[in-house]
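Data first, discussion second: the structure below is written as structure tokens.
Count residues from 1 along the sequence. No experiment lies behind these values; they were computed from the predicted model shown. Basis for what follows: all heavy atoms, side chains included, without hydrogens, waters or symmetry-related copies.
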Amino acid sequence: QVQLVESGGGLVQAGGSLRLSCAASGRTISRSVMGWFRQAPGKEREFVAAITGITWSGSITYYADSVKGRFTIFRDNAKNTVYLQMNSLKPEDTAVYYCAADPGSSYYSRDHARNSTSFDYWGQGTQVTVSS
């Protein structure tokens with residue numbers, strides 16, 4: 001079992017930054033695929049970013065087109081934590097952000113990472129609100 005706890009959400013003005021954290025417990029996630037998804041009111045949950053476990057060439061990261069160049073996913077294995085650094089935030093980034101994990105996999109293709117059903121464990125979510 002893996003427990004995921006997100007934190008770092010809040011209210012920020014457009015153009016501002018936030019860093020979300022996803023602390024894992026119950027199992028080491030250093031070799032796991034980790035992802036961030038978000039869900040806005042009235043919309044389906046959508047992919048934001050994912051990071052693979054460490055491979056021979058390092059971790060691989062994937063991003064949704066809507067956040068590429070603004071968001072960065074990274075991990076601190078010593079803290080068993082994955083982060084989502086969000087810069088240049090826009091009102092359309094407003095959503096509940098969820099962390100997800102697949103401890104049984106160390107690599108995903110981009111298409112696999114974008115699919116929420118690929119992940120086995122989810123956090124409770126943290127609200128991000130961007131005001132215009």
Side-chain angles (χ1 to χ4, degrees):
Q1 290 287 334
V2 176
Q3 293 77 43
L4 304 173
V5 178
E6 302 99 332
S7 61
L11 174 64
V12 64
Q13 288 188 333
S17 299
L18 283 174
R19 177 178 291 183
L20 305 184
S21 300
C22 173
S25 60
R27 182 168 174 171
T28 300
I29 60 166
S30 61
R31 297 183 179 181
S32 305
V33 178
M34 302 293 295
W36 285 96
F37 290 76
R38 67 187 182 186
Q39 188 167 17
K43 296 187 177 181
E44 294 187 352
R45 189 169 297 188
E46 65 173 2
F47 169 75
V48 176
I51 184 169
T52 67
I54 294 180
T55 67
W56 64 273
S57 61
S59 293
I60 300 171
T61 55
Y62 303 111
Y63 297 95
D65 289 344
S66 59
V67 307
K68 198 174 297 183
R70 299 188 298 122
F71 290 11
T72 302
I73 185 172
F74 62 100
R75 63 202 312 158
D76 184 337
N77 290 332
K79 296 183 178 180
N80 217 34
T81 299
V82 172
Y83 301 91
L84 184 68
Q85 177 66 42
M86 305 186 296
N87 299 329
S88 302
L89 283 161
K90 304 175 181 180
E92 50 263 44
D93 294 319
T94 295
V96 177
Y97 283 70
Y98 296 92
C99 175
D102 181 1
S105 298
S106 59
Y107 171 77
Y108 276 179
S109 67
R110 175 179 173 81
D111 286 344
H112 204 56
R114 292 168 57 90
N115 189 342
S116 63
T117 63
S118 300
F119 294 87
D120 299 317
Y121 297 95
W122 293 82
Q124 81 289 348
T126 185
Q127 176 70 47
V128 172
T129 303
V130 184
S131 63
S132 57

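A salt bridge is absent between D93 and K90: the closest approach of a Lys/Arg side-chain nitrogen to an acidic carboxylate oxygen does not fall below 4.0 angstrom.
In the displayed structure, K68 atom NZ is contacted under 6.0 Å by more than 12 heavy atoms of other residues, nucleotides or ligands.
The two residues V67 and R38 make their nearest non-hydrogen contact at CG1-NH1, 4.0 Å. Between P91 and A14, the closest heavy-atom pair is CD-CB, 4.1 Å. What you find for D102 and S118 is that their closest heavy atoms are OD2-O, 3.6 Å.
Side-chain contact between Y62 and F47 is present, with heavy atoms from C-beta onward closer than 4.5 Å. The shortest side-chain heavy-atom distance between Q85 and S17 falls under the 4.5 Å cut-off. Between M34 and L4, the closest side-chain pair of non-hydrogen atoms falls below 4.5 Å.
The backbone N or O of Y107 lies less than 3.5 Å from no partner atom in the side chain of R31, so there is not a single donor-acceptor pair.
D111 and S109 form no side-chain donor-acceptor contact under 3.5 Å, judged by distance and modelled atom types alone.
Atom-to-atom distance recorded for W36:CH2 and I73:CD1 is 8.0 Å, nearest 0.5 angstrom. Taken from CD1 in I51 to CD1 in I29, the straight-line distance is 9.5 Å, to the nearest 0.5 Å. Taken from OH in Y63 to CZ in R114, the straight-line distance is 14.0 Å, to the nearest 0.5 Å. Taking CG of D120 as the start and OG of S105 as the end, the distance is 7.5 Å to the nearest 0.5 Å. Within the model, atoms OG1 of T72 and CZ of R70 stand 11.0 Å from one another, a figure rounded to the nearest 0.5 Å. The SG atom of C99 lies 5.5 Å from the CD atom of E6; values are rounded to the nearest 0.5 Å.
R45 is linked by a side chain to side chain contact (heavy atoms under 4.5 Å, CB included) to F37, Q39, Y98, W122, counting only residues two or more places apart in sequence or in another chain. With sequence neighbours excluded, the residues forming a side chain to side chain contact (heavy atoms under 4.5 Å, CB included) with T81 are S21, A23, K79, Y83, listed by chain and number. With sequence neighbours left out, the side chain to side chain contact (heavy atoms under 4.5 Å, CB included) criterion links Q1 to Q3, Y121.
Looking at L20, L18, L84 one by one, the single match for side chain to side chain contact (heavy atoms under 4.5 Å, CB included) with T126 turns out to be L20.
Here Y108 and F119 bring their ring centres to under 6.0 angstrom of each other.
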Stepwise, does the side chain to side chain donor-acceptor pair (under 3.5 Å) test hold for T94 with E92? CA-CA 5 Å; T94 295; E92 50 263 44; over 6 Å; no

As a quick check of understanding, evaluate side chain to side chain contact (heavy atoms under 4.5 Å, CB included) for Y97 and Q127, giving each step before the final call. CA-CA 6 Å; Y97 283 70; Q127 176 70 47; over 6 Å; no

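Following chains of ILVMFWY side-chain contacts shorter than 4.5 Å, one can reach V48 starting from V12, so the two form part of one hydrophobic cluster.
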